[in-house]
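To start, the structure itself, in C-alpha cells.
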Amino acid sequence: MIAVMMAVCGWAQSSTDFQSVVCHADGTVTFNYQNEHAKQVLVDVQFAGRKEMKRDARTGLWTVTVGPAASDMYPYCFIVDGVSVMDPKNAQYFPNEGFKNSLLEIPARQGSLAHDIRQVPHGRLEYIHYYSKSLGGTNSAVVYTPPTYMMDREKRYPVFYLISGTTDTEEVYYKVGRVNYILDNLLAEKAAKEMIVVLPYGNPYKLLPVKSDSLKMPMTNFGGDVFSRDLINDLMPYIEKNYRTKNDADHRAIGGFSRGGNQALYNGLANLDKFSYLCSYSSFTSMDIPKVYDDAVATNKKINLFWLGVGTDDFLYGNARDYMEFLDKKGICSVKVFTDDKFGHTWMNAKYFLSKTLPLLFNKKASEEAMSNAQPAPAATGKEQQFTPGVMARMFPKPLVSPEYTEQGITFRFKAPEAQQVMLESEIMPEPQKMEKDEAGVWSITLTDCLFETFKYCFVVDGMRVADPQNMYLSPDKGFKYSIADNPQSPFNYASQGDIAHGRVGYDVERQEAWYMTAMPAQPTRPAFIQLVPGKDDTMESWFKVGGADAIADRLLADGKTVPCVITTSTLEFMKHAPQMSDLRVHTLRADDFPTWSQRRRALVKLLVSLKK
C-alpha cells in the first residue's frame, strides 16, 4: 500500500534524485524542497496551513511532515524567504489568474474517490475559441463530451454550463475540479445521465482591450454585465451550433463555485425559459431578480432542481445561509447541503458538491425526490461569517500588471521587498537581465525589442526561479513551469484576430495526445496532416499553449494563406494500419530541432503557408 501511494503522490525524480512529495499510509505527507541559498522555507498546504521546513544536514533538502489528512486533492506551494513558488518537480498545477500553486493528491486508503482516474471509458476535452460580440473579441471555454459522443453521430445531449470561481480560469473545473473524471466514473456506474459540460471563462473583463477602474475588483453583481451577455448571446449559440445539443430548459443546467455560483444562479434564475437545473457551490446571489422571487408558484414550476451547497466553515456561509432562508420565506423550494470537514471555501468542497449533483441533473425522478426532501435553512446564530467589502479588499488587493505591453516595449514587474536581487530570465535572451527595485519593493524591467515575439520567461529571485504571479498563462512543462509572454496585438494571438472561424483543440487524456482541426470550408476537402513532436520537457499541450499552433492555423486559413489541416502530437501509428490513410503525406516538425518557441512558431508558419503552394 505504501509503495502504491508513493507512486501516485511522488512525482518524477530529477537528477538530484528525490521526491518532492511523499504520501504515507497513515495519511501524513512529507514535503521536500531543494534550495541551497534559502534562509527560511515553509510549505503552505490547504489542510495544514503554513508549516516551517527544516534543512536536513545530510541531504541538503528542506523537509517537513504534516497531517494526517483526508484523502483528496489539495493545493500547496513553498514559501522561500517570503516568496511563494510552485513545486518545480510537480507536473500538476492549479490554473489561476494570480496565485501559482501545485496540486497534491492523497490517494484513498480504502476504496476510491469520486475524482479518481479509473480504468473506465473517458470523455473528450476540447478547447474552443469563439468570437464574442458582447466582448468585442475572442473568448475561450473548455468543453467535455461523453465517451459515446463520437459513436452515434445522430444522438443529442443535454448541456451543463459549469463556471469556476474568482481568479480561476476556464481550466480549473477540469484540472482541479476533475469534472471529467467524476462524470466518467458516474457514467461507468450508470449513476448519471450522459451530458456535455461547458466550462466558460468567468472573467472575460480581463480580456477587454480597455479596462475601466470599476473592473479592478472582482465582479459581484450580475445581469446586463459582459459575462452574462456573452454566456446567453454568444457562448450558448456557439455550443448549440457546433455540438449536438438538446436546446430547451429541461435539457440545460447551470452551476458554479464561488463567484461562478453567483453567476450561475443569477443567469439561471433570470433565464428560467432556458435553464431548469440550478446549482450553487459555496455561493449565493442577488435577492432582487425581477419576476422570480415574488411568484413562488410559477418559479417552482419552472425549476427541476435548485441545489445549494456550502461549508459551515466557509467565509461565505453567513451569506449563503441568509440566501437559503430568503428563498424559504419566499416559498421557493431548494435543496440545501452542508459540510464541516473540507476546509471552508475550497475545491475539496467544489468536487464533493459536484459528485452529489451530477447524478441529479437531467434525471427528473432523482431531482424530484431530492426537491421533495428539501429541508429549511438552519436558524441564524449571529456568529456566521459574512462576506463584506472589507473581506473582498483584503482577499483581492490591487494587482500589479505584468507583462504590460505598450508602444515603448514590454514591462515586467515583480513584488519582492526583501529580495536582494531579481532578474528576468527568458529563452530569447542569452543572459538574465537585472531588474530595478522601487520604494514599494516592486522590481521592474522594460524590453524595447522582441515586442511581437512569443517566449517563455521567469523571474530569478536571489537565485531562485519564480513564475510571474500576475500572468495567468503558464507553459505546461514537465518540470518548472515558465510564464508565457504573448503580445495581445500579435496577429497570431486570439485577442487580435477578430470575427474569424476557429478550429478546436481536443486532448486525449488517456493517450496523452492533442488533436486540432481547422474550421472546415462549406465544401469539405481532404485536410493536410501535420505532426508536431513535443520537446523533451514539453507536454501534449505545449505546441498549442506556447506554440500557438491552433491560433496560427486559424489566422492563416482565414487569410487564405493555408489549406484546411489536422495538427496533432500523436505518433500516428494507427495510420500504418489504415488503408485509406496509406497515401496520406504527413508533414512533421520536431520541437527539439529549434532552440526557442519563437523559432518553432516561425517554422510552423512557414510549413502551413507552403501547403497552399
Who are the side-chain hydrogen bond (donor to acceptor under 3.5 Å, both in side chains) partners of [X], not counting sequence neighbours?
{"X": "Ser102", "result": "none"}
{"X": "Asp508", "result": "Arg511"}
{"X": "Asp486", "result": "Thr454, Asn493"}
{"X": "Tyr130", "result": "Asn139, Asp230"}

Q) What about Tyr293 and Phe326, are their ring centers closer than 6.0 Å? A)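 Yes; Phe326 has its ring centre under 6.0 Å from that of Tyr293.
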Q) Is the closest side-chain heavy-atom distance between Val197 and Leu199 below 4.5 Å? A)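 Yes, side chains in contact.
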Q) Hey, are the side chains of Arg124 and Trp515 touching, using non-hydrogen atoms and a 4.5 Å cut-off? A)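 The answer is yes, as the side chains (C-beta and beyond) meet within the 4.5 Å cut-off.
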Can you name the salt bridge (Lys or Arg N to Asp or Glu O under 4.0 Å) partners of [X], sequence neighbours left out?
{"X": "Arg601", "answer": "none"}
{"X": "Asp538", "answer": "Arg600"}
{"X": "Asp313", "answer": "none"}

Q.
Would you call the rings of Phe362 and His251 parallel, tilted or perpendicular, taking 30° and 60° as the class edges?
A.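 Parallel: the ring planes of Phe362 and His251 meet at under 30°.
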Q) With respect to Tyr127, which candidate in Tyr507, Tyr516, Tyr494 satisfies the ring-ring contact (aromatic ring centres under 6.0 Å, His included) definition? A)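 Per the ring-ring contact (aromatic ring centres under 6.0 Å, His included) rule, the option paired with Tyr127 is Tyr507, out of Tyr507, Tyr516, Tyr494.
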Could you pull out all residues at least two apart from [X] that satisfy ring-ring contact (aromatic ring centres under 6.0 Å, His included)?
{"X": "Phe414", "value": "Phe459"}
{"X": "Tyr149", "value": "Tyr157"}
{"X": "Tyr181", "value": "His122"}
{"X": "Tyr473", "value": "none"}

Q.
With a 4.0 Å cut-off on N to O distance, would you call Glu240 and Arg252 a salt bridge?
A.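 Salt bridge between Glu240 and Arg252, a charged N being under 4.0 Å from a carboxylate O: yes.
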Q) Any cation-pi pair here, Lys342 with Tyr352, using under 6.0 Å and within 45°? A)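 Here Lys342 passes the 6.0 Å and 45° test against Tyr352.
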**Q.** Sequence neighbours excluded, every pair satisfying salt bridge (Lys or Arg N to Asp or Glu O under 4.0 Å) that has a member inside residues 493-506
**A.**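 Those involving residues 493-506 are Glu126-Arg504.
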Q: Give, for atom CZ of Arg178 and atom NZ of Lys351, the distance between the pair rounded to the nearest 0.5 Å.
A: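 These two atoms lie 8.0 Å from each other.
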